[in-house]
Amino acid sequence: MHDYTHAIMGIIYPLAAENALKDIKTEEIRNEVLGFKRVLQELNINVIEINTTGNIREKLMMEDLAIICHGIAVIPKDFSSPALNVNSKLLQKTLVECGLTVIVQEPHSTAKLSPADVLFTGREFFVGISDYTNENGASFIADSFPEFPCTPIKMPPDAFSLKKHITVAGNDILTMCENEVGKTLLKKIEREATYTYKTLTVPILEAANCVFVNDTLMHKGIEDIGDPCFKVFCDKIDFPRRSLKFTELTKIMLDPSSLVLLTKLF
């Protein structure tokens, strides 16, 4: 369900001063990204890098650009910056070259869609309904992937994106923060889900975003999430896992799922 052959990431070179962000250690960010890339390669993933544009965050933010599943890529029509619009075009070119079917939202569409609100469990889709994703956006996902159940989940008013609070931690396992938003979302998912899932609960929000790839869980390291959260992963996960240093990436609001678009190419 979560077997992949390729990953698409943005390239981060040593950046010019005008591309840097205040109080951010650019070289440390580069090292963290390279560490992430190295883990993917150790999991037999071929990494495709795109020479993206914009500031550091825009160059690395892949998650906002597409939803990819079973050889189909869905591209939103709206982006928060001109740089992400450029990066979307670069991504579309790469996806076509890889042989994926690319579905781009029509400019006049009433569907609002943020990929960070779209969670694919391997069996079904959940789409968080928020200021950035509406019911028509959820319908767009359902129409694009008709072979999978697709359920809209209304986000609480104080929530971030759906994948900030809940991600996949293993086959039929969801990881979530034990705060009120996480509990509320989990109840909605449990009530609406077509399938049954186990839950891995972490004490803080910063630990909830993970990437599960090729039977291995990738999560933030102890220096970023602290002993209690790290102990949850150590005690509860009985399959391979790899921890990631995300200290500087977290400062620019990037999580593990933000950095990469995963796909299986045949």
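Everything quoted here is computed from the prediction, not taken from an experiment.
Between the side chain of Asn171 and the main chain of Asp215, no donor-acceptor pair closer than 3.5 Å is present. Within the 3.5 Å criterion, the main-chain N or O of Met253 finds a donor-acceptor partner in the side chain of Arg57.
Considering Ile8, Leu262, Leu259, Ile68 as possible partners of Met62, the one that fulfils the side chain to side chain contact (heavy atoms under 4.5 Å, CB included) test is Ile8. Under the side-chain hydrogen bond (donor to acceptor under 3.5 Å, both in side chains) test applied with Arg123, the options Asp172, Thr194, Thr196 reduce to a single match, Asp172.
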side-chain hydrogen bond (donor to acceptor under 3.5 Å, both in side chains) assessment of Glu180 paired with Thr184: CA-CA 6 Å; Glu180 285 306 311; Thr184 299; 4.9 Å; no
Side chain to side chain contact (heavy atoms under 4.5 Å, CB included) assessment of Asn51 paired with Leu90: CA-CA 8 Å; Asn51 191 12; Leu90 295 172; 5.9 Å; no
Test log, rule salt bridge (Lys or Arg N to Asp or Glu O under 4.0 Å), inputs Lys93 and Glu97: CA-CA 6 Å; Lys93 182 175 183 292; Glu97 290 172 350; 2.6 Å; yes
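Nearest heavy atoms, Phe126 versus Ile153: CD2-CG1, 4.0 Å. In plain terms, the two heavy atoms of Thr53 and Asn87 that are nearest each other are N-OD1, 2.8 Å. For Pro107 against Lys77, the heavy-atom pair with the smallest separation is O-CD, 3.7 Å. Contact detail for Phe148 and Gly122: the closest heavy-atom pair is CE2-O, 4.3 Å.
Ring geometry for Phe125 versus Phe120: interplanar angle of 30 to 60°, hence tilted.
Defined by atom type and a distance below 3.5 Å, a donor-acceptor pair is missing between the side-chain atoms of Asp117 and Ser161.
One distance of note links OG1 of Thr52 with CE of Met61; it measures 11.5 Å at 0.5 Å rounding.
The closest side-chain heavy-atom distance from Leu200 to Val232 is below 4.5 Å. Residues His165 and Phe160 are in side-chain contact: their nearest non-hydrogen atoms beyond the backbone lie under 4.5 Å apart. Asp255 has its side chain within reach of Lys164: a pair of non-hydrogen atoms, C-beta onward, lies under 4.5 Å apart. The shortest side-chain heavy-atom distance between Lys220 and Leu244 does not fall under the 4.5 Å cut-off.
We find that Lys231 and Asp227 are not joined by a salt bridge, their nearest charged nitrogen and carboxylate oxygen being 4.0 Å or further apart. Between Lys251 and Glu248 a salt bridge is recorded (basic side-chain N to carboxylate O distance below 4.0 Å).
Two rings, from Tyr4 and Phe212, have their centers 6.0 Å or more apart.
Both the sub-6.0 Å distance and the 45° axial angle are satisfied by Arg241 relative to the ring of Phe230.
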